[in-house]
Amino acid sequence: MTATSLRTHRCGALSRSDAGQTVRLGGWVHRRRDLGGLIFIDMRDRDGLVQLSFDPRWTSLEVMRRAAGVGVESVVLVEGEVALRPESARDTSMSTREIEVHVTGFTVAGPADTPPIPVARKENEALPAEELRLRHRVLDLRRPELQANLVLRHRLLQRARQTLTDLEFLEIETPILTKPTPEGARDYLVPSRIHRGEFYALPQSPQIYKQLLMVAGYDRYFQLARCFRDEDLRADRQPEFTQIDLEASFVSAEDVQLVVERVLVDLWHVADVRVPHPFPRLAFQEAMEKYGIDKPDLRYDLEIRDLTPLVGADSAPFVHEEVATGGRLRGIVTPGGAALTRKALDGLAALARDARAGGLIWARRTAEGWEGQGVKAVGATSLDALGGQAGDLLVAVVGADAVTSPALHLLRGELIRLAALPQRRAHAFCWIVDFPLFEQDPASGDYLPAHHPFTAPHPDDIGRLASDPGSCRALHYDAVYNGNELGSGSIRITDPETQRHIFGLLGIPDRDIRRRFGFLLDGLAAGAPPHGGFALGFDRIAMLLAGAPSLRDVIAFPKTTAARALFEGAPTPVNPADLTALHLAVRSDD
RNA sequence: GGGGCUGUAGCUCAGCUUGGUUAGAGUGCCGCACUGUCACUGCGGAGGUCGCGGGUUCGAGCCCCGUCAGCCCCGCCA
């Protein structure tokens, strides 16, 4: 239903099959070319461009005059006949370049001031500074690139709705004004006018609500949920963001993963990518061992190897010392890496040093054998035992896994880049499973939930919950794509006693458990089905599929890295009277 | 909370290394000419708090200190 009482078509939708038709159009002046006796205007709407042709043969003098005076970005209403362009002036690379509109009627409906930033850019013309793009967001949003991003975003949201609806999930909204949760990220707080000194919080996620919906018998829930976290931002992090949030009852972890895979495969299909599935599963430990990180980029095969068994008599003393204190010698053999320059190796060494992994050990494999400083460190005999092929490069670090893993992850990425290793696949999804249930605070030794405190322990590990919590795995899983975490989920604790026990392990006093999570525990005690769920970071998915460099390019009105909205100007001071009504006073002394 | 980069005409940038006459270019904007352009073309013109404040100096866009804003990263983000 493109046609309205003011227009018959969208500009970008016209093609040669419309030739001869009289049309009415509404759109924006993209560019104007005034040849004196002839005027051409490129007119734009969300579908694309069409050329308007003003010629005294079919255009009145009055309309010629108006067309000559219209500024770019003005909104105009046009009437005319679609015509094939003269043979000499046709460009078939774009369907709309075969045709033009012979204008007979022309009104400037919305004149525009000269735009402070350009919408129509020349080839290779740089984008304005992002600050200006955010300040003049309406103009920036007119750019065809951003319009394409937001159209894609819409189609992805609709696809997610459809897929989950087909899978019998119910879309249920949960409150935006909710209860503060002292754990996790900082909450955005909203003061209550009616209740002096009391506050709502904006949800960091609908976690507890969706669990309670399972208890309430809704079986399968989803929501395109807005979430809010008052933390410092990054290119891939906004203070308010959208999750595809879902939860299902009577499910195993594999059941949830199957649903999420369906959603992801369908979303990638919207972007014309066919994804093979089921996705491979990788245990957390295995991911750390082979890739040094829990979100490996599996587009490349390069893996980390444990070289500790090779350490022998002629290995350097510092290697023996690290191994004796529980460290390991781990490295990466890069085919063709021996061609890397000394400067590139110095760069890798700096990377290792920045990751606090100490010195980088390296060696090149030539036709004669291994060469380089690594021969001394690892030992000639040990390296011979490693084997390898001429052209290989070994880089290695020695120390505790907690240090070497992150360092090797960075080294792996850099080696892939430097050696220009081929991608084995362009779209590498995987599941990371068997996460640890707790992380130990390195300073205090306290146990913290690795994810959130509602995650169920792995049934095989429940026996060690009290004796050795650090070794317990969780029924928690992450979806990973090309080295990006797309989302995470888990099977939840449904036994109120277990839930209380976990809260206790986390050091939350009994009275606080009651105050903070009473409504959850009461819910679990009301007859809770086994359930679990997932949350996908939708903005990041849209960013990846749009090929955008920043979340800000897939969000209509985003915030800056200082959480400011430059366009509308938020946050902002408020009237003292409004503060008084909320029982608030602003301190200026700190 | 910490580190880095950037800030000069409406926009994109040069000028900063080595302080010194009137701060330039492209584009956009304004005016004139132009009947097949599509980055129209040609001629002419206007347009500057060099982010802001302080300091050094005979003299600061340039050096120093502070500050604001944007971006990137670390911390943080159960």
Side-chain angles (χ1 to χ4, degrees), chain A residues 30-43 49-59 64 68-69 71-73 83 85-91 93-94 96-98 100 102 113-136 139-140 181-187 204-205 207-208 227-239 241 354-356 406 410 435 437-439 441 447-455 474 476 485 488 490 502-503 506 508 516-517 535 537 549-550 552 558-564 566:
Chain A
H30 191 65
R31 254 194 276 269
R32 182 162 52 96
R33 293 176 292 280
D34 187 341
L35 277 64
L38 285 181
I39 298 168
F40 298 99
I41 286 177
D42 292 336
M43 186 181 183
L49 294 174
V50 71
Q51 173 167 281
L52 308 179
S53 170
F54 299 79
D55 185 315
R57 281 182 289 171
W58 50 74
T59 310
M64 291 294 291
V72 290
E73 295 311 315
R85 295 195 193 182
E87 199 70 48
S88 58
R90 243 178 249 175
D91 179 345
S93 66
M94 270 170 71
T96 54
R97 288 210 158 184
E98 297 182 276
E100 61 188 3
H102 291 177
D113 296 338
T114 300
I117 60 171
V119 175
R121 283 179 309 139
K122 303 185 192 320
E123 226 174 309
N124 299 326
E125 186 179 340
L127 280 174
E130 186 150 22
E131 180 178 356
L132 293 168
R133 291 177 45 206
L134 292 172
R135 209 173 283 287
H136 306 287
L139 290 174
D140 201 38
T181 49
E183 272 80 26
R186 208 170 284 118
D187 285 316
Q204 295 179 27
S205 81
Q207 181 62 34
I208 294 179
C227 306
F228 307 85
R229 292 178 191 173
D230 188 4
E231 295 291 349
D232 290 341
L233 307 179
R234 294 283 188 279
D236 62 351
R237 217 192 285 161
Q238 282 273 305
F241 56 98
D354 291 348
R356 288 173 180 77
L410 293 173
F435 276 84
L437 186 57
F438 300 103
E439 282 168 1
D441 187 306
Y447 285 106
L448 307 167
H451 294 91
H452 58 57
F454 317 117
T455 303
H476 177 102
E485 183 195 321
S488 65
S490 63
I502 294 284
F503 285 141
L506 299 175
I508 306 174
R516 293 176 189 176
F517 303 111
S550 157
R552 295 182 293 272
K559 306 282 190 285
T560 69
T561 44
R564 256 181 205 290
L566 295 184

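Letters A, B, ... are given to chains in the order of the sequence lines, protein chains preceding strands, and every chain is numbered from 1.
The separation between A/Ile41 atom CD1 and B/rG36 atom C1' is 15 Å, rounded to whole Å. Rounded to an integer number of Å, the gap from A/Phe228 CZ to B/rC77 C1' is 16 Å. Taking atom CZ of residue A/Arg564 and atom P of nucleotide B/rC68, one finds them 11 Å apart after rounding to whole Å. Computed from coordinates, the A/Gln204 CD to B/rC76 C1' distance equals 12 Å when rounded to whole Å. Protein atom CG of A/Leu132 is 11 Å distant from nucleotide atom C1' of B/rG7, rounded to whole Å. If you take CD of A/Glu73 and C1' of B/rC11, they are 14 Å apart, rounded to a whole angstrom. What separates CG of A/Leu566 from C1' of B/rC68 is a distance of 13 Å, to the nearest Å. Nucleotide B/rC40 holds its P atom 5 Å from the CZ atom of A/Arg31, rounded to whole Å.
Residue whose closest nucleotide on RNA chain B sits further toward the 5' end, between A/Pro116 and A/Arg85: A/Pro116. Each of A/Arg229 and A/Arg552 was matched to the nucleotide of RNA chain B holding its nearest heavy atom; the match closer to the 5' end belongs to A/Arg552.
At least one side-chain nitrogen or oxygen of A/Thr560 sits closer than 4.0 Å to the OP1 or OP2 atom of B/rG70.
Residue A/Phe40 forms a side-chain contact (heavy atoms from CB on, under 4.5 Å) with just one option from A/Arg32, A/Arg31, A/Glu100, and that option is A/Glu100.
Of all nucleotides listed (B/rG70, B/rC73, B/rG75), B/rC73 comes nearest to the side chain of A/Ala235. Of the listed nucleotides (B/rU37, B/rG75, B/rG70), B/rG75 has the atom at the smallest distance from the side chain of A/Arg234. Considering only side-chain atoms of A/Lys122, the nucleotide from B/rC29, B/rC34, B/rA39 that sits closest is B/rA39. Comparing B/rU35, B/rG28, B/rG1 by their closest approach to the side chain of A/Leu35 singles out B/rU35. Comparing B/rG36, B/rG1, B/rU12 by their nearest atom to the side chain of A/Pro128 picks out B/rU12. For A/Thr561, whose side chain is taken as the heavy atoms from C-beta onward, the closest listed nucleotide among B/rU12, B/rC72, B/rA39 is B/rC72. The A/Arg33 side chain lies nearest to B/rC40 when the options are B/rG70, B/rC40, B/rC11.
When the C1' atom is used for both B/rG28 and B/rC40, the distance is 16 Å, rounded to whole Å. Comparing the P positions of B/rG47 and B/rA39 gives a spacing of 31 Å, expressed to the nearest Å. The separation of B/rU6 from B/rC29, taken at their C1' atoms, amounts to 27 Å, rounded to a whole angstrom. Distance noted for atom C1' between B/rG45 and B/rC50: 23 Å (whole Å). Going from the C1' atom of B/rG15 to that of B/rU21 covers 16 Å, rounded to whole Å. Atom P of B/rC62 sits at a distance of 15 Å from the matching atom of B/rA9, rounded to the whole Å. Comparing the same atom, C1', in B/rG53 and in B/rA14 gives a spacing of 27 Å after rounding to whole Å. Straight-line distance between the C1' atoms of B/rU27 and B/rG20: roughly 31 Å, to the nearest whole Å.
Nucleic acid contact class of A/Pro86 (heavy atoms, under 4.0 Å, all strands): base. Here A/Ile39 lies out of heavy-atom contact (under 4.0 Å) with every strand. Residue-level contact check: A/Arg57 touches the bases, meaning some heavy atom is under 4.0 Å from a base atom. Residue-level contact check: A/Ala562 touches the backbone only, with heavy atoms under 4.0 Å from sugar-phosphate atoms and none from bases. At the heavy-atom level, A/Leu233 lies nowhere under 4.0 Å from the strands shown. A/Glu87 comes within contact range of no nucleotide atom at all, as no heavy-atom separation falls under 4.0 Å. Heavy atoms of A/Asp34 sit under 4.0 angstrom from at least one base atom.
You won't find any donor-acceptor pair under 3.5 Å spanning the side chain of A/Glu131 and the base of B/rG51, going by distance alone. In this model, no side-chain donor or acceptor of A/Arg121 finds a partner on the base of B/rG28 within 3.5 Å. Side chain A/Arg237 to base B/rC77: a donor-acceptor pair is found below 3.5 Å. A donor and an acceptor atom sit less than 3.5 Å apart, one in the side chain of A/Gln51 and one in the base of B/rU37.
Base pairing analysis places B/rG19 opposite nothing; no Watson-Crick or G-U wobble pair with both distances below 3.5 Å involves it. Applying the Watson-Crick and G-U wobble criteria (two distances, each under 3.5 Å), B/rG66 pairs with B/rC52. Pairing for B/rG31 goes to B/rC43, judged as Watson-Crick or G-U wobble with the two contacts each under 3.5 Å.
Checked for salt-bridge contact, A/Asp42 and A/Arg33 meet the test: a charged N lies under 4.0 Å from a carboxylate O.
The CD atom of A/Glu98 sits 10.0 Å away from the CD atom of A/Glu87 when rounded to the nearest 0.5 Å. Within the model, atoms CG of A/Leu127 and CG of A/Leu132 stand 11.0 Å from one another, a figure rounded to the nearest 0.5 Å.
Between the side chain of A/Asp113 and the backbone N or O of A/Pro115 there is no donor-acceptor pair closer than 3.5 Å. In this structure, the side chain of A/Arg133 does not engage the main chain of A/Pro128 through any donor-acceptor pair within 3.5 Å. Not one N or O on the side chain of A/Gln204 forms a donor-acceptor pair closer than 3.5 Å with the backbone of A/Gly184. The backbone N or O of A/Arg552 lies less than 3.5 Å from no partner atom in the side chain of A/Gln238, so there is not a single donor-acceptor pair.
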